[in-house]
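Heads up: numbering here begins at 1 and tracks the sequence. Just so you know, these numbers use all the heavy atoms, side chains as well, and skip hydrogens, waters and symmetry mates.
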Amino acid sequence: MQETPFCLSIGNLLSYSMSDSNSTDFTNPSTFILLGIPGLEAFQVWLSIPFCAMYAIVILGNFTILFIVKREPSLHEPMYYFLCMLVIADMVPSTAVVPKMLSIFWFNSREINFSACFIQMFCLLSCSLVHSGILVAMAFDRYVAICDPLRYSTTLTNPVVAKIGLALVLRGVMFALPYPFLARRWPYCRTNIIPYTYCKHIAVVKLACADIRLSSYYSLAVAFLVTGVDVFCIAMSYTQILRVIFSLPTKDARLKTFGTCGSHFCVILACYIAHLFSILTERFGHNMALHFHVLMNNMYLLVPPMLNPIIYGVRSQQIRDSLLQLFTH
């Protein structure tokens, strides 16, 4: 049977690492080695330019959103509070990955401490779960604003918004904590080389010389019980929102009402389409080269956070006016 490029790349990496480290015991490695983008080592310096530019846009754009919302009293509303939570949940994963990735590209600094690897893994997974929950909270915000507008100010008060944010953070931490806890328990006696630019959960646990089915089952359970429930709640919210919108008498009223949730809807599409594409390439992309998988994972961490402030900056009249006022002043 002919081997696929993906399998050949993994096999070459493992054979290289085993031959290079026959006398080394990796049962409790002090460090992992991040390869960066295998197969594209000669182009990594050039690839760092677009990644660095995207990260700069992520930081600049999202900090601008935070600054405008804090500065403008008219934006002190639940929708923009949830937006600020989303912005923070976007910046943490990219900040946890990109500086280390650039150090690999620029300075060949491939080592990452054993504990730091699992901390990075926890940050990525917990923020992903918090991000998903914030999208649900924003969908609920739009549901109340459109389907029950008279109760909006009494339902989503500032204390309620703060409690929702705290609950989402606790949920993310609670469901993400078992990932590094389980992964840290496995013995790592094959190799300490990770063929990615960061400590991706599945890439790390595959290095373990133990039965990792428990980690796989837990990942599947979280995907169904957390992400699946979140997607269902968002779908139900927008079903009710669209039902109310289509019941409005005039076309202008329908367009104006839908415009109030257009930004959130675009963010949901950007997030879940990127996530779905990442899952599909992992599941069915066995004929694809390893460097393609690594590039797609890096793009997934950077593209949605880069698009979110642009979407809200273009579609939200209040943010756009505040931004123009800031520059003109």
Side-chain angles (χ1 to χ4, degrees), residues 58 62 65-66 69 77-97 119-147 152 155-181 201 218-241 260-279 300-309 311-312:
V58 168
N62 287 290
I65 295 289
L66 289 173
V69 172
E77 298 176 359
M79 180 176 73
Y80 295 105
Y81 291 148
F82 287 131
L83 175 60
C84 290
M85 297 178 196
L86 187 73
V87 161
I88 295 171
D90 277 337
M91 286 194 295
V92 172
S94 54
T95 301
V97 169
I119 292 172
Q120 186 189 61
M121 181 194 301
F122 172 75
C123 288
L124 294 174
L125 293 168
S126 59
C127 286
S128 176
L129 294 170
V130 172
H131 189 280
S132 179
I134 294 170
L135 291 177
V136 176
M138 296 175 81
F140 176 70
D141 169 82
R142 293 298 85 202
Y143 165 77
V144 177
I146 293 173
C147 300
Y152 181 76
T155 301
L156 286 171
T157 60
N158 288 347
V160 170
V161 172
K163 289 176 183 176
I164 291 174
L166 180 61
L168 293 176
V169 171
L170 291 176
R171 187 192 74 154
V173 170
M174 182 180 68
F175 281 104
L177 199 57
Y179 284 102
F181 177 76
H201 173 255
Y218 182 74
S219 299
L220 192 62
V222 170
F224 279 104
L225 295 177
V226 180
T227 308
V229 171
D230 287 350
V231 172
F232 176 77
C233 291
I234 292 172
M236 291 300 296
S237 296
Y238 271 94
T239 300
Q240 296 299 316
I241 289 170
T260 62
C261 55
S263 299
H264 177 243
F265 190 70
C266 292
V267 167
I268 290 174
L269 289 179
C271 175
Y272 283 113
I273 288 175
H275 186 57
L276 180 63
F277 186 75
S278 176
I279 291 174
Y300 171 66
L301 288 173
L302 283 169
V303 172
M306 183 180 67
L307 291 179
N308 291 350
I311 291 170
Y312 271 93

- Task: Taking the side chain as every heavy atom from C-beta outward, state whether Leu301 and Ser94 have any pair of such atoms under 4.5 Å apart.
- Result: no
One should read off an interatomic distance between Ser219 OG and Leu125 CG, to the nearest 0.5 angstrom, of 8.0 Å
Note: Phe82 and Ile134 closest approach over all heavy atoms is O-CG2, 3.5 Å
Within the structure provided, determine whether Leu124 and His201 are in side-chain contact (heavy-atom separation under 4.5 Å).
no
Original post:
Between the side chain of Gln240 and the main-chain N/O of Cys147, is any donor-acceptor distance below 3.5 Å?
Top reply: no
Check step by step if side-chain contact (heavy atoms from CB on, under 4.5 Å) holds for Met85 and Val161.
CA-CA 10 Å; Met85 297 178 196; Val161 172; 3.8 Å; yes
Requested in this report: Verify whether the ring centers belonging to Tyr179 and Phe122 lie closer than 6.0 Å.
Outcome: no
CD1 (Ile88) and OG1 (Thr95) are apart, to the nearest 0.5 Å, by 11.5 Å
Between the OG1 atom in Thr239 and the CZ atom in Phe232, the distance rounded to the nearest 0.5 Å is 8.5 Å
Note: Pro93 and Cys127 closest approach over all heavy atoms is CG-CB, 3.5 Å
Nearest heavy-atom approach of Ala96 to Gln120 is O-NE2, 2.8 Å
Side chain to side chain, Thr155 and Val160, heavy atoms closer than 4.5 Å: no
Rounded to the nearest 0.5 angstrom, the CE-CZ distance for Met138 and Phe265 is 13.5 Å
Between the OH atom in Tyr152 and the OG1 atom in Thr157, the distance rounded to the nearest 0.5 Å is 11.0 Å
When you compare the side chains of Asp90 and Asn308, does any donor N or O come within less than 3.5 Å of an acceptor on the partner?
yes
If you define the side chain from C-beta out and look only at heavy atoms, does anything of Met91 sit under 4.5 Å from Leu66?
yes
* **Side-chain donor-acceptor pair present, Ser132, Tyr272, cut-off under 3.5 Å** => yes
When every non-hydrogen atom of Val130 is compared with those of Ala89, the smallest separation belongs to CG1-CB, 4.4 Å
pair Val226-Arg171: side-chain heavy atoms closer than 4.5 Å:
yes
Checklist entry - Can you find a pair of side-chain heavy atoms, one from Asp230 and one from Leu135, that are under 4.5 Å apart? => result no
In short, Met79 meets Asp141 closest at the heavy-atom pair CB-OD2, 3.5 Å
d(Leu156 CG, Phe140 CZ) to nearest 0.5 Å is 5.5 Å
Is the shortest side-chain heavy-atom distance between Cys261 and Ile146 below 4.5 Å?
yes
Taking the six-membered ring for Trp, are the ring centroids of Tyr238 and His264 within less than 6.0 Å of each other?
-> yes
*Quick one: are Phe175 and Leu225 in side-chain contact, heavy atoms under 4.5 Å?*
no
